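What follows is a short report on a single structure.
On a predicted model such as this, the values are computed, not experimentally measured, just so you know.
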Amino acid sequence: MTVHRARAAAFAAVLTAAALSLTACGSAGSSAKAGDAAKAGAKDAKDATSTADFGGLDGLVAAAKKEGKLHVITLPRDWANYGKIIDGFKAKYGLDVEEENPDGSSQDEINAINSRKGQDRAPDVVDLGSAFALQAVKDGILAPYKVATFDKVPDSMKDASGARVNDYGGYISIGCDAKKIANCPKTFADLLKPEYKGQVALNGNPTKSGSAFGGVYAAALANGGSLDNIQPGIDFFGKLKQSGNFNPVESTPATIEKGETPISIDWSYLNAGYSDQFKDKGIDWKVSIPSDGSYAQFYNQGVNKWAPHPAAARLWQEYLFSAEGQNLFLGGYATPATFEALKKDGTLDAAGAAKLPVVEKPFTDFPSVDQINAAKKVVTENWTKAIAG
């Protein structure tokens, strides 16, 4: 692996302290005590805002087991260690987990919430890129819920109501199959070189995918753009298309293994994970975090407001934000949202932390909600025509 490994804690500190949630929220108070719930009377699971509404974690577990299953969507098993996370959840609580459309996008998740209201096959929980999570909160489709460790997540990394909470994050990076590419690119400027004709792919469509959207934002920063101006990123991919370097195939583990996408712009935890995943398959996957387009972001957890299994959905959140769940993200090369709290508590997985990459140019000036929404609008309006032809 070519990801920088030294000073892993510095990388994590940049992510957590700099508020990757892309929004500033006021501090949220602690969850109500279980005794208070008993006085007020228990709530239906769909209205529960903390474990206190179940009389505590044991009550939540019992309610989730009664439902029997959890329905998740667009969670690839090789994405931020979700395979082990899902298996760990099933083993711990004995619930069935239905996994749907693992290669889908953030927009697919939102569409599923909106189109499947009242259906058992609706997603119980979603894992969204920030631009999509912010919109989901604004649209009122996510249920407010505060996990037991809610106060350990920095205030700037969550919605004050708990409707959207950062869970893990990383940097935009360039992955490359060194056995197919003689000189792997390390910057966005490199990607325009003639030697990469037809080889540069994105993980998804930026109008639907959080990772692809991040790739366009990073390209904008590398080409004279700013957090207020993502258009240079769109123009950059337009140039890649005109030069013949842009590969319209959306990069996935399958396309990488088949050699269809030998260069992939994606999150650092995914590309770093591929280095391990493909090592025994004859693929030498190199990873670089471009210094000319440094951009980092967290993903967000949320509960579907109309989740068909509301208790299981909330138990899933508790698991993800427990020390066990957060360290499992870390084991997948992703920086957990509670990194600093885990470190302070002495529960941080030191081996996982040692593998986190450090970037040459840390990203610290994060876009606001308005900037993200404006950038998303520009991408939606201009992406297709930029890469058409």
Discussion item. Nearest 0.5 angstrom please: I289 CD1 to W267 CH2, how far?
Written reply: 11.0 Å

Worksheet entry | Distance in Å, I263 CD1 paired with K286 NZ, rounded so as to fall on 0.5 Å steps | 14.5 Å

Worksheet item: Is it true that Y295 and W383 fall in one hydrophobic cluster, defined by side-chain heavy atoms closer than 4.5 Å?
Response: yes

Discussion item. Under 6.0 Å between ring centres: does that hold for W79 and Y299?
Written reply: yes

Worksheet item: Quick one: do the S226 and D228 side chains pair a donor with an acceptor below 3.5 Å?
Response: no

Practice prompt. Answer yes or no: is there a donor N or O on one side and an acceptor on the other, between the side chain of Y217 and the main chain of I230, under 3.5 Å?
Written response: no

Practice prompt. Would you kindly confirm whether L75 and L328 end up in one hydrophobic cluster when ILVMFWY residues are joined by side chain heavy atoms under 4.5 Å apart?
Written response: yes

Worksheet item: Which atom names give the shortest non-hydrogen contact between A122 and P308, and what distance separates them?
Response: O-CG, 3.4 Å

Practice prompt. Mind running side-chain contact (heavy atoms from CB on, under 4.5 Å) on W306 and R116 for me, showing each step along the way?
Written response: CA-CA 9 Å; W306 305 280; R116 302 180 187 177; over 6 Å; no

Practice prompt. Give a yes or no on whether F298 and V147 share a hydrophobic cluster (residues Ile, Leu, Val, Met, Phe, Trp, Tyr; joining criterion: side-chain heavy atoms under 4.5 Å apart).
Written response: yes

Fill in: Side-chain touch R314/F54, heavy atoms, less than 4.5 angstrom
yes

Discussion item. Are L320 and V137 connected into the same hydrophobic cluster when the rule is that any two of I, L, V, M, F, W, Y join if their side-chain heavy atoms are below 4.5 Å apart?
Written reply: no

Worksheet item: Is the number of heavy atoms from other residues, nucleotides or ligands under 6.0 Å of K344 NZ greater than 12?
Response: no

Discussion item. Just by distance, no angles: are the side chains of Q301 and Y168 close enough, under 3.5 Å, to form a donor-acceptor pair?
Written reply: no

Discussion item. So L356 and L330, do their side chains get closer than 4.5 Å, heavy atoms only?
Written reply: yes

Discussion item. Using a 3.5 Å distance criterion without hydrogens, assess whether the side chain of E324 forms a donor-acceptor pair with backbone atoms of Y319.
Written reply: no

Worksheet item: For G129, does its backbone N or O pair with a side-chain atom of S106 as donor and acceptor, under 3.5 Å?
Response: yes

Worksheet item: Looking only at heavy atoms, what is the nearest atom pair of S291 and E360, with distance?
Response: CB-OE1, 3.8 Å

Worksheet item: Closest heavy-atom contact between L95 and A64?
Response: CD2-O, 3.4 Å

Worksheet item: Do you know the tightest heavy-atom contact between K158 and V165?
Response: CB-CG1, 3.9 Å

Fill in: Reported NZ-to-CG distance for the pair K361 and D292, which is rounded to 0.5 angstrom
8.0 Å

Worksheet entry | Heavy-atom side-chain contact between N166 and N300 under 4.5 Å | yes

Worksheet item: Any side-chain heavy atom of H309 sitting closer than 4.5 Å to one from L70?
Response: no

Discussion item. Here's a test for you: under ring pair (Phe, Tyr, Trp, His ring centres under 6.0 Å), which of F321, Y145, F89 qualifies with W316?
Written reply: F89

Worksheet entry | Side chains of N223 and D235 in contact at under 4.5 Å (non-hydrogen atoms) | no

Worksheet entry | Gap between atom CG of D78 and atom CZ of F278 - 0.5 Å precision | 7.0 Å

Worksheet item: Do the side chain of D108 and the main chain of S105 share a donor and acceptor less than 3.5 angstrom apart?
Response: yes

Worksheet item: Crowded around K197 NZ? As in, over 12 foreign heavy atoms under 6.0 Å?
Response: yes

Worksheet item: Taking atom CG of D177 and atom CD of E260, what is their separation to the nearest 0.5 Å?
Response: 12.5 Å

Worksheet item: Got a second to check how far L128's CG is from I113's CD1, nearest 0.5 Å?
Response: 7.0 Å

Worksheet item: In the single-linkage hydrophobic clustering (I, L, V, M, F, W, Y; side-chain heavy atoms under 4.5 Å), do Y171 and V200 co-cluster?
Response: yes

Discussion item. Can you confirm whether F363 sits close enough to I172 that some side-chain heavy atom of one is under 4.5 Å from a side-chain heavy atom of the other?
Written reply: no

Worksheet item: A80 and L270: which non-hydrogen atoms are nearest, and at how many Å?
Response: N-CD2, 3.9 Å

Worksheet item: Do the charged groups of D349 and K355 touch, with an N to O distance under 4.0 Å?
Response: no

Discussion item. Apply side-chain contact (heavy atoms from CB on, under 4.5 Å) to residues I256 and Q277 and explain how you reach the verdict.
Written reply: CA-CA 11 Å; I256 290 173; Q277 180 179 343; over 6 Å; no

Discussion item. I want to check a possible cation-pi pair here: K376 against F213, using under 6.0 Å from ring centre and within 45° of the ring axis as the test.
Written reply: no

Item to complete: Take L315 and L57 through the test side-chain contact (heavy atoms from CB on, under 4.5 Å) and record every step on the way to the result.
Response: CA-CA 8 Å; L315 183 59; L57 181 60; 4.1 Å; yes

Worksheet item: Is the side chain of N247 donor-acceptor paired with the backbone N or O of V249 at a distance under 3.5 Å, no angle test?
Response: yes

Discussion item. Less than 4.0 angstrom from a charged side-chain N to a carboxylate O is my criterion; do R77 and D87 meet it?
Written reply: yes

Worksheet entry | The single option from D266, T255, N271, T261 passing side-chain hydrogen bond (donor to acceptor under 3.5 Å, both in side chains) against N203 | D266

Discussion item. Are F329 and Y82, when compared by the centres of their aromatic rings, separated by less than 6.0 Å?
Written reply: yes

Fill in: Heavy-atom check, side chain of L191 versus side chain of N245, under 4.5 Å
no

Item to complete: Taking all heavy atoms of L60 and all of E318, pick out the closest pair and write down the distance.
Response: CD2-CG, 3.8 Å

Discussion item. In the structure I gave you, are the side-chain heavy atoms of W285 and S264 within less than 4.5 Å of one another anywhere?
Written reply: yes

Discussion item. Classify the ring geometry of F236 against F188: parallel below 30°, tilted from 30° to 60°, perpendicular beyond 60°.
Written reply: perpendicular

Item to complete: Given side-chain contact (heavy atoms from CB on, under 4.5 Å), test N304 with V126 step by step and report yes or no.
Response: CA-CA 7 Å; N304 179 0; V126 288; 5.8 Å; no

